[in-house]
Amino acid sequence: MVEISINGKTVDAEPGRRLVEVIKEQGITITNLCYIDGLEPYAGCRTCIVDIEGGRPSSLQLSCTAQITEGQVVRTDTTEVKQARQSVMSVILANHPDRCLTCHRRVHCMPGDICLRDDVVTHRCLTCSKNYRCELQTSCENVDQGDFSEPWVGEKRSYYETPPPEPDRANPFLEFDPQMCIICARCVRACDELRHTGALSLAGKGHTTMIAFGAGGQIHESDCDFCGACIDVCPTATLMEKPNKWNGRADDWTSAVCNSCSVGCTITYGTSDQVGSENIPVIVRPERINPVSQDQICVRGRFGYDAIGPEDRLTTSLERQNDRLVPRSLFDATNLAVEQLRTVIDSHGAQTIGLLGSPLATTEEAMALSALADSIGTPNIDFSHGVIHRSVLSSLDQALGTNKLSADLTDIEKSARLVVIATDLEESHPGVSLRIKGAARKNQAKVVLISPRWSELDRFACSVLRCYPGTEANVADSLGKLETNPPLGISTEQWNAALTIVGSNEEFSDEITSVVFAPNAIDAEMASGLASAACNLAIGMVGNTTAEHLFYLPVDGNTHGVHDAGIFPKTDGKAFREIILGAISGSIKGLIIHDDNPILNSPDTDMIISALSNLESLVVIDSVKSTLSDYATVMLSEAAFYHRSGSITTADRRVLLHNSIDSGVEKEKSGIEIIKRIGAGLGFDFDRVFSYSALAEYPSEEALVQQQGRLRAIPDQAVFKAEVQEIDVPMRRVDDLAVFTSRSLYTSWDGASSASEEADKLDREGTAWVNPGDAQEAGVTQGVAVTLQNGSHSITMKIKLDDGVAAGTVYVPSYYRGGAIMSLFALEGLTGGLPSVKLVAADA
Amino acid sequence: MVSVDSAASGTQTNEGSSVTSRYNELVRVADEEFKYWLNPLQPRIDVANDTSSLANGSDRIEQILKQAVAESGATIGIGHVHGYGIQSVHPTVSITWPNGTRILYGPVTPERCSDLIQEAQDGPNSHLQDLVIGQISGESGEIASIRDHPFFSCEPDERRLLANLGITDPDSLNHAIATGSYKATARIIGRRMPEGRVRDSLIAAGLTGRGGASFPTGVKWNFLAGAQGNDHYVVCNADEGDPGAWVNRVVMEGEPHSLIEGMLIAGLATGSRTGFIYLRDEYPLAIDRMERAIQNAINNQLLGKNILGSDLEFNLRVIRGAGAYVCGEETGLLSSIQDSRGMPRVKPPFPAQVGVFNLPSNVNNVETYATVPMILRHTSDWYKELGTESMSGTRVFSFSGDIAQVGFMELPFGTPLAKILDSCGGIHTPNGEHGKLYAIQSGGPLGSLLPSHSIDQLILENASFAPWDAIMGAGGIVFIGEGTHILVLNELFSEFVEEESCGRCTTCHGGNQRQTEIVRRIISGRGRRDDAPNLKLVDDLLQHSNCVHGQFSPKTMRNTLQHFRTDYEDAIAGYDPTLTLSGMYELEIVDQTDPLLNEAATICPKGQFEGEAGAWSINMSGCVRCGACIDIAPNAIQKKALARSPRVIPIA
């Protein structure tokens with residue numbers, strides 16, 4: 001630390017840091033339109049001029065390029081500084097609709113007022129979607145731009161001689177209006193240096209310089225993943241979220257957690273007092289609470305609140321009367337549900353009741369549901385992916401003596417060696433994928449990728465082992481054993497590259513090694529084998545410290561939380577599959593489903609549907625009009641996730657607090673209240689508070705509030721065992737084409753669960769990936785509709801030819817058309833996870 | 001004071017002697033070939049094949065000559081050399097007779113080719129007396145030596161960098177070796193000369209960067225030699241983009257091996273194993289020639305691995321520029337080489353710390369590298385014999401503009417500009433008459449505009465330009481005669497720097513747009529009193545730019561306000577004696593009987609001619625002052641100054 005002087009005040013600062021960051025930390029307002037904290041300065045806007053004593057050639061220097069040195073004397077408030085900033089600002093404004101920015105009357109102007117300076121409407125901030133939340137606007141106010149005489153007013157602008165670039169409004173997420181751009185290039189750097197995507201670039205030179213997506217085409221044709229990092233850094237209205245472009249001016253912010261995957265990125269919901277915007281979030285921004293996600297979220301996090309329209313939300317509770325669902329008040333519907341459940345209990349016994357929770361719910365809701373099962377006296381409680389999760393946990397237990405891994409996801413980016421086993425981590429867990437890319441880019445980490453399908457991570461991997469689906473465990477195990485010959489179908493070159501990385505423990509002894517695996521939620525046997533194989537692989541690389549370096553990424557948000565809360569079959573209880581079989585055989589008569597949707601999540605759709613149709617009572621508590629509504633006897637309308645509070649336990653067992661944007665709604669319709677009311681209705685004592693702090697190893701409420709985002713539900717004990725397990729998963733092969741699936745990026749849970757038309761807004765996930773060779777053999781071409789036939793089951797969809805899938809395999813996103821692909825899978829282990837299909841042209 | 005010759009006491013190892021013997025073998029072969037080049041067995045006609053000659057039709061001349069020789073069966077050889085320097089007489093050819101006499105002729109037209117063959121057969125001065133420019137070599141006869149040609153009167157008695165220009169075939173490695181190329185390399189490697197002594201000898205010679213900034217080259221190399229890590233790069237800036245400068249092109253097209261050897265020595269002296277030549281794509285011939293020369297050098301173990309049989313390695317690669325002026329800025333050039341967008345970087349870090357591919361690099365101009373071998377071949381003292389106290393040696397300058405003879409010369413620093421203008425034949429109007437000097441433009445669009453009266457005080461040295469708030473620049477000097485308006489030049493340069501801004505600094509891409517707009521408005525006749533202060537404001541804010549492109553871009557405008565204030569004020573007031581500013585004159589038809597007038601009427605791109613034959617009128621409100629009609633009917637249409645009543649021009 002050295003002492004410097006800023007505006008006469010002595011400040012301690014770290015030498016070498018960028019001066020502008022220190023100035024901002026001191027609470028001094030400074031215009032810096034192109035600087036992004038933490039990144040190398042771009043020094044394009046030239047507005048952060050300050051006076052540094054002894055600076056050369058003049059004392060007016062940029063504070064973004066200047067670094068802290070001992071004894072620096074800095075002034076930000078002199079007349080010269082202000083005038084220099086004003087003059088630079090004036091040339092920025094010359095190419096931006098600016099008439100309000102330099103007008104001293106702007107604060108008095110109201111929408112609809114006639115401009116007293118008679119300026120054209122398109123040059124006024126009042127017609128701009130970024131009005132009142134614009135960094136350029138505040139910057140102009142900072143330097144009193146209105147006081148500066150504008151020498152360029154009325155000049156024939158050479159900028160406007162070339163036809164103005166067209167705005168791009170062709171996609172549902174991101175709007176790009178280059179006319180508003182001041183070419184600060186923050187978006188270019190955010191996309192490249194923060195996201196490692198590089199979809200944006202600068203194009204042209206001189207006055208034709210502009211931001212371009214890809215080679216200058218439309219956004220959705222570029223590499224853009226619509227994460228919106230560019231929107232966050234844009235100081236003008238150039239890059240805007242489409243859904244909230246005009247109403248995204250938030251009056252209040254609520255810290256929350258995204259539950260669309262198990263990474264648990266922290267977000268903040270912006271809410272507005274504007275008429276028409278009450279009670280819904282108007283904008284979502286990243287919140288830095290979770291040190292894993294930091295200031296980054298993905299398209300699901302940013303636009304998830306808007307994933308489905310009001311028509312797909314379950315806004316009123318419903319009661320089934322024959323074929324129809326009739327609206328009921330929540331109070332009436334709850335009573336009805338209680339009545340139905342009591343009838344089932346009374347006539348068939350409590351054991352005939354089953355309950356399904358969901359990892360999309362909060363831990364507290366899961367605790368309440370578990371308590372409800374206990375009160376009823378039924379051990380039959382689970383969630384659709386429960387078996388898969390528990391089989392992974394038991395594999396971990398066997399190998400490591402614990403399933404509560406202490407590995408911390410913040411280590412991923414610091415890793416120097418990474419093995420990743422997943423179908424497409426970029427789509428299923430974008431937050432972790434981002435950190436892996438960061439390790440590769442910033443830390444030159446060596447990444448080995450075991451995956452049956454191309455993903456964006458391929459580009460960052462030193463070795464890509466493109467395996468046959470379902471053989472990930474075998475490949476990982478062979479790799480862990482450093483077998484010289486590659487497993488069937490894997491290129492020798494890639495295998496040798498992987499062996500060098502996995503085998504050089506010496507070289508990486510001082511650095512962090514991480515093993516990440518994300519099992520698919522289809523087949524428990526595969527998942528368990530994969531977990532064991534990942535353990536073996538990690539044990540081979542890091543030995544006894546495996547638990548600190550092994551990352552298990554469940555599919556859904558709060559998988560760890562709901563398991564910890566007790567959503568698993570109690571003694572002699574039925575697990576998910578048994579519950580389904582029980583419903584068919586008649587040993588389960590009543591089912592309560594909270595937020596889950598077996599039709600979407602579980603294999604063998606036909607069996608699920610016959611089970612659900614066979615129930616005497618199906619009580620569904622959900623916030624969306626899910627596909628379960630066809631079979632429910634009562635649908636209880638729950639508040640949307642952003643209207644509920646609770647905690648979420650993420651993949652690395654981090655406990656995060658999720659807050660409702662409106663606690664008033666929470667009281668009425670939150671899942672926890674509904675479950676409590678059912679419990680009370682059935683005559684049990686439910687007048688208590690459910691809190692994560694009651695769970696073993698979870699932090700106390702006081703501690704969590706103080707250290708938000710830092711606390712994790714892991715045991716204190718540091719050393720675990722590390723035993724290599726025998727893997728007995730067969731190397732599978734099917735006769736025809738093997739179908740595999742995984743979570744895709746754009747389709748939200750809400751949209752998929754309700755099989756909404758809007759589920760896949762970009763229309764990117766409605767195709768099956770077929771290897772060109774297989775397509776040729778089957779006589780089908782790019783874009784045609786084909787039928788994937790597995791015995792009596794089939795689905796029909798369009799295909800795209802892509803050699804990102806190996807020959808003999810077909811990939812279909814799991815959320816396509818409300819989980820349509822699930823009908824091809826069987827709810828049994830072994831072959832169930834890898835159906836064999838024939839490819840038939842649909843019109844044939 | 002160290003030079004290769006005085007470093008003869010270095011320890012001789014076995015490897016060293018093998019390097020020397022390999023080099024001697026190369027020299028032996030080269031001398032053998034070169035002997036017959038200078039004294040051919042039969043007369044040989046050498047056609048100049050540099051870009052300027054080719055543009056003037058030298059390839060056509062060569063074709064005709066070859067055909068004629070083949071048809072007549074004359075025993076005449078055809079060869080190639082680089083042009084000698086006076087580009088106003090291109091295309092040139094030289095004839096070499098077996099006795100060693102070599103005479104330069106030009107400009108050669110296809111009709112004179114038969115005479116040329118006759119001359120070659122019959123001996124000097126028999127058929128082409130009118131085209132003789134001078135005798136390049138041989139016994140002095142009745143033809144004056146080329147060194148006595150008035151155009152070269154400012155050059156030293158012997159050329160240094162361009163010593164072999166017009167004499168050797170630039171594509172021939174043997175010619176280069178026979179004239180001394182790679183001698184310094186062989187000495188350095190053969191005698192294991194310490195790296196530091198090479199750099200010291202450059203410092204002692206006072207060699208400064210030729211790109212314009214004139215930084216001592218040896219000191220710059222010291223930075224790279226002292227940089228961290230083992231991977232260093234040497235980079236050559238051959239992105240010569242200034243209009244009116246073609247110095248680097250001449251060096252690369254005429255003496256490619258001097259550049260290669262210079263970079264090789266730089267590599268040896270700074271511990272770099274790789275070099276890049278960033279060559280603008282607008283120089284296709286130079287690219288071709290450099291690549292061929294590099295390949296020749298590799299084939300003869302002068303580049304690549306095991307140079308001259310030693311364990312030293314140096315690889316050289318030509319990178320083609322994509323046409324951005326700002327990539328001539330050294331850090332922009334580095335970005336461009338590594339496939340990033342060609343934008344100058346934020347300094348520090350400097351290239352010697354973070355250069356190409358983020359590794360330490362050294363960037364020098366073509367001529368800087370090309371000068372190095374010569375200094376090491378001779379001595380630092382020899383090099384300092386020419387030039388001034390602050391800038392030693394010679395450098396190549398190209399002169400163009402409204403002068404009688406356009407061309408390039410190798411001049412010692414300190415040569416008076418007035419003398420140079422005389423040797424170029426003075427100012428020349430488009431009609432071929434003698435004119436008066438109006439302005440001197442040096443250093444390209446980021447350089448300076450100097451008034452005519454400055455010429456008596458200017459010598460070729462940075463220090464003499466400084467009092468005029470001017471820079472000498474990178475070798476291109478343009479003399480502008482009266483009849484041109486300074487604001488026309490300003491518009492040209494303003495537009496250029498504006499379009500070539502990389503787009504990083506708002507001050508640069510925004511500020512230059514504002515400057516261009518103001519200049520255009522003044523030219524259109526709507527100048528304002530407050531334009532000068534506003535141009536000053538642009539000037540001030542451009543100083544906050546990142547690189548020299550932004551910082552130097554207002555310089556020509558500033559020079560205008562300093563040195564051409566009267567012309568500027570007159571233009572603001574709507575008065576333009578040159579009738580070149582579009583807003584200050586109108587067109588008048590003075591001769592309705594001129595038959596060319598009808599043609600002029602049809603060429604008008606705006607269709608502003610009204611009436612019919614014999615009664616034409618021009619609608620001035622629609623006229624864009626393109627001048628096409630005047631070009632067709634110069635006697636019938638004339639420019640007429642607009643009558644302007646004095647007016648009160650409001651301030652903002």
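Here the structure is a predicted model, which means the values were calculated and not measured. Per chain, numbering begins at 1; letters A, B, ... match sequence-line order.
- Of all the heavy atoms in B:Arg514 and A:Ala94, the pair that sits closest is NH1-CB, 3.1 Å.
- Put simply, of B:Cys508, B:Gly342, B:Gly510, B:Ser501, the one with the most heavy-atom pairs under 4.5 Å next to chain A is B:Ser501.
- The backbone N or O of A:Ala43 lies less than 3.5 Å from no partner atom in the side chain of B:Arg504, so there is not a single donor-acceptor pair.
- The backbone N or O of B:His544 lies less than 3.5 Å from a partner atom in the side chain of A:Arg46, making a donor-acceptor pair.
- No part of A:Pro57 comes within reach of chain B, as not one of its non-hydrogen atoms sits under 4.5 angstrom from that chain.
- Listed for the B:Arg341 side chain is a donor-acceptor partner under 3.5 Å among the backbone atoms of A:Leu202.
- Across B:Leu537 and A:Pro151, no two heavy atoms sit closer than the pair CD2-CG, 3.5 Å.
- Inter-residue side-chain proximity for B:Leu541 and A:Met89 is flagged as unmet; no heavy-atom pair is nearer than 4.5 Å.
- For chain A, the option among B:Cys505, B:Gly503, B:Gly511 with the highest count of heavy-atom pairs below 4.5 Å is B:Cys505.
- Residue A:Thr65 touches chain B through its side chain alone, counting heavy-atom pairs closer than 4.5 Å.
- Taken from OG in A:Ser149 to CG in B:Asn534, the straight-line distance is 7.5 Å, to the nearest 0.5 Å.
- Of the inter-residue distances, the one linking A:Thr208 atom OG1 with B:His509 atom NE2 reads 11.0 Å to the nearest 0.5 angstrom.
- Two residues are said to be in side-chain contact when any heavy atoms from C-beta on lie closer than 4.5 Å; A:Ile182 and B:Thr506 fail this criterion.
- Counting only N and O atoms by type, the side chains of B:Glu499 and A:His207 include no donor and acceptor under 3.5 Å apart.
- Within 6.0 Å of CD on B:Glu569 lie more than 12 heavy atoms contributed by other residues, nucleotides or ligands.
- In this structure, the portion of A:Ile49 lying under 4.5 Å from any heavy atom of chain B is its side chain and not its backbone.
- With contacts defined as side-chain heavy-atom distances shorter than 4.5 Å, the pair B:Ile518/A:Trp152 qualifies.
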